[in-house]
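A short write-up of the structure that comes next.
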Amino acid sequence: MFLGHVLYIYSYITCIVVLFLQIWLPRLIQAVFSSIADIKLYSLVKRMENSNVAKWVYFSQLCSWFTWYCSSRTLTNTMEAVLGTLALYYYPLEGSRTKSSTKYLFFVALAFLVRPTAPILWVPLLLYHFSKEQKKLDLILLHCLPVGLLALGGSVIIDWMYFGEWTVVQWNFLKFNVLQNIGSFYGSHPWHWYMTQGFPVIMGTHLPFFIHGCIVAPRRYRVLLVAIVWTVLIYSTLSHKEFRFIYPVLPLCMIFCGFSLTNIKRWKKPAIGFLVLSNLLPALYTGLVHQRGALDIMSNVQQLCQKQNSSLLILMPCHSIPHYSHVHCPITMNFLECPPDLGDHDTYVDEADLFYASPLAWLHAEFYDHKRLPTHLVMFSVLEKDINPFLITHNYVRTASVFHTHLPEGRIGSHIYLYERQLQ
């Protein structure tokens with residue numbers, strides 16, 4: 001009896017430790033990296049200008065709602081922004097006292113390995129550096145080539161060890177998303193979306209200060225403005241667009257916002273209060289409330305580990321919840337698949353679209369023999385009415401409901417439901 005209690009406590013503690021290490025620790029590490037990048041941004045401006053300008057650049061960065069939203073998320077775009085800021089710290093801007101060609105090229109190379117579209121931001125900056133460099137051959141032979149070969153060679157060797165064959169994943173990424181434009185399978189937007197929605201949204205109420213900062217900032221920072229405009233324009237040519245794709249330009253934008261706040265004299269206090277309040281509310285809402293159900297429902301799913309022979313079917317749009325990254329036990333989890341059409345078939349329809357075209361018919365066809373029925377179902381609230389006959393026929397009972405969003409749209413409901421099959 002005593003041994004049983006000890007084993008139970010041991011397994012419980014082990015589960016808690018594993019959940020912390022695999023769920024929370026990566027976020028904490030990413031937050032630390034983001035914090036280091038913010039400090040480097042402050043240090044760069046302080047060394048190039050003075051502590052007053054650096055203070056307002058730092059304030060602008062920390063005050064941004066989108067910085068709050070992204071900085072602790074383990075997205076490749078977040079790490080790309082971190083590495084980009086570190087590279088900027090060592091970039092040979094006019095008057096910089098921290099410049100180092102090798103170091104900044106190293107961070108640019110790392111950003112390229114993390115996300116192959118990262119060099120888009122750095123194309124004008126690299127060209128500007130090359131045009132200003134007196135010893136161009138030395139720059140290429142002693143800095144660019146060694147850093148590039150080391151980074152790309154190391155990446156190829158690691159991928160060879162993983163895949164068992166020579167693979168250049170950066171080339172596959174570019175071919176898939178840019179040359180073949182298969183990324184548009186996951187949604188497309190008009191060419192002007194970044195200019196009319198994407199950039200204004202991530203800037204938020206910083207936008208007028210950014211525009212003012214572009215006017216009052218010293219001339220030597222114009223190359224950063226060129227890089228921002230260039231990046232937005234290049235990303236506008238790609239069909240698939242997301243807010244996070246242009247997150248790496250945000251630290252550059254905050255430099256101009258800092259110059260704006262430095263030059264505001266009469267209305268500085270109202271401007272500061274306006275920025276804090278207008279960014280605090282969306283930061284708290286998007287970070288703590290909006291679409292939180294995808295994570296909250298995982299607490300209920302984790303409890304299935306304590307039940308024998310549990311199986312889960314996720315009847316939701318693709319990539320709606322984290323799946324096994326938040327569930328560390330051998331339960332069967334199936335979900336609607338939506339792989340892109342790599343064969344370029346005109347009539348291709350993925351499993352998720354097939355399901356949503358006729359949910360009830362899909363369920364009846366999938367489980368016609370009643371033998372493979374999952375013990376649990378997860379779905380958005382909007383789907384419940386469409387498959388209610390199936391739920392009633394097979395004795396599924398709702399056992400959990402978590403809030404997801406105040407703005408349900410299409411296949412996304414306001415709540416997420418967990419159903420359990422009651423055996424007679």
Side-chain angles (χ1 to χ4, degrees), residues 34-71 81-100 104 107 121-122 124-125 128-129 132 195 199-232 246-283:
S34 297
S35 299
I36 293 172
D38 292 342
I39 293 172
K40 284 294 186 180
L41 183 65
Y42 169 83
S43 300
L44 171 65
V45 180
K46 183 179 179 180
R47 288 172 176 267
M48 291 191 61
E49 302 295 331
N50 53 63
S51 58
N52 187 47
V53 178
K55 174 181 67 177
W56 294 116
V57 171
Y58 193 56
F59 168 80
S60 300
Q61 174 73 354
L62 296 186
C63 190
S64 168
W65 78 271
F66 202 67
T67 297
W68 286 30
Y69 181 76
C70 290
S71 59
V82 168
L83 294 171
T85 304
L86 296 177
L88 185 64
Y89 180 79
Y90 295 106
Y91 180 76
L93 278 170
E94 182 183 343
S96 173
R97 287 179 287 175
T98 60
K99 57 185 177 182
S100 170
Y104 103 79
F107 286 114
L121 172 64
W122 286 92
L125 295 173
Y128 180 78
H129 179 200
K132 294 292 184 179
M195 290 172 274
F199 186 74
V201 167
I202 72 167
M203 287 298 296
T205 52
H206 282 70
L207 187 58
F209 299 95
F210 168 72
I211 296 173
H212 178 236
C214 292
I215 299 172
V216 301
R219 187 182 183 89
R220 58 181 170 177
Y221 292 97
R222 289 187 180 178
V223 64
L224 301 183
L225 181 59
V226 171
I228 294 169
V229 174
W230 162 267
T231 302
V232 173
I246 56 172
Y247 175 51
V249 307
L250 204 58
L252 278 66
C253 296
M254 294 306 143
I255 293 177
F256 293 97
C257 293
F259 277 109
S260 174
L261 290 171
T262 303
N263 282 270
I264 294 175
K265 304 300 181 182
R266 185 177 179 182
W267 300 100
K268 180 164 291 186
K269 287 185 177 180
I272 293 171
F274 170 69
L275 278 175
V276 170
L277 291 177
S278 60
N279 282 274
L280 181 62
L281 295 178

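Quantities reported herein were computed from a predicted structural model and do not represent experimental measurements.
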Distance in Å, [X] [atom1] paired with [Y] [atom2], rounded so as to fall on 0.5 Å steps:
| X | Y | atom1 | atom2 | result |
| --- | --- | --- | --- | --- |
| Leu277 | Phe274 | CG | CZ | 9.5 Å |
| Phe66 | Tyr247 | CZ | OH | 8.0 Å |
| Cys253 | Phe209 | SG | CZ | 14.5 Å |
| Met203 | Ser60 | CE | OG | 8.5 Å |
| Ile39 | Ser34 | CD1 | OG | 11.0 Å |
| Cys214 | Leu225 | SG | CG | 4.5 Å |

Please report the shortest heavy-atom distance between [X] and [Y], naming the atom on each side.
| X | Y | value |
| --- | --- | --- |
| Pro251 | Pro248 | CD-O, 3.4 Å |
| Arg220 | Gly95 | NH1-CA, 3.4 Å |
| Ser64 | Leu250 | OG-CD2, 3.6 Å |
| Asn279 | Cys63 | CB-O, 2.9 Å |
| Leu44 | Ser96 | CD1-OG, 4.3 Å |

Q: Start with the C-alpha distance between Ile228 and Phe199, add both sets of side-chain angles, then the distance that settles side-chain contact (heavy atoms from CB on, under 4.5 Å), and finish with yes or no.
A: CA-CA 10 Å; Ile228 294 169; Phe199 186 74; 4.3 Å; yes
Flag the pair [X] / [Y] as yes when at least one side-chain heavy-atom distance between them is below 4.5 Å, and no otherwise.
| X | Y | result |
| --- | --- | --- |
| Leu125 | Val226 | no |
| Pro218 | Glu49 | yes |
| Val53 | Asn50 | yes |
| Val57 | Thr262 | no |
| Thr98 | Lys40 | no |

Q: Apply the ring pair (Phe, Tyr, Trp, His ring centres under 6.0 Å) test between Tyr42 and each candidate in Tyr58, Phe59, Tyr89; give the one that qualifies.
A: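 The passing option is Tyr58.
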Q: May I ask you to decide if the ring planes of Phe107 and Tyr90 are parallel, tilted or perpendicular, using 30° and 60° as cut-offs?
A: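 Ring orientation, 0 to 90° scale: parallel.
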Q) Should the pair Trp65 and Tyr69 be assigned to parallel (<30°), tilted (30 to 60°) or perpendicular (>60°) ring geometry? A)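 Trp65 vs Tyr69 ring planes: tilted.
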Q: Would you check, one step at a time, whether the test side-chain contact (heavy atoms from CB on, under 4.5 Å) holds for Ile264 with Trp56?
A: CA-CA 11 Å; Ile264 294 175; Trp56 294 116; over 6 Å; no
Q) Sequence neighbours excluded, which residues qualify as side chain to side chain contact (heavy atoms under 4.5 Å, CB included) partners of Lys55? A)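 For Lys55, the residues satisfying side chain to side chain contact (heavy atoms under 4.5 Å, CB included) (neighbours in sequence not counted) are Asn52.
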Q. Listed by chain and number, what are the side chain to side chain contact (heavy atoms under 4.5 Å, CB included) partners of Arg222, not counting sequence neighbours?
A.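 So Arg222 forms a side chain to side chain contact (heavy atoms under 4.5 Å, CB included) with Arg219.
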(Q) Tell me if the NZ atom of Lys268 is crowded by more than 12 foreign heavy atoms within 6.0 Å. (A)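 Correct, the count exceeds 12.
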Q) Which is it for Leu261 and Leu275 under the side-chain contact (heavy atoms from CB on, under 4.5 Å) test, yes or no, and what are the steps along the way? A) CA-CA 11 Å; Leu261 290 171; Leu275 278 175; 4.1 Å; yes
Q) His206 and side chain to side chain contact (heavy atoms under 4.5 Å, CB included): which partner among Ser278, Ser260, Cys257? A)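 Only one option passes, and that is Cys257.
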Q. Please walk me through it: do Leu252 and Leu88 pass side-chain contact (heavy atoms from CB on, under 4.5 Å)?
A. CA-CA 9 Å; Leu252 278 66; Leu88 185 64; 4.1 Å; yes
Q: Without swapping roles, check the side chain of Arg97 against the backbone of Arg47 for a donor-acceptor pair under 3.5 Å.
A: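 It does hold such a pair.
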Q: Examine distances only and state if a side-chain atom of Lys99 and a backbone atom of Leu93 form a donor-acceptor pair shorter than 3.5 Å.
A: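 Side chain of Lys99 to backbone of Leu93, a donor-acceptor pair under 3.5 Å: no, none is there.
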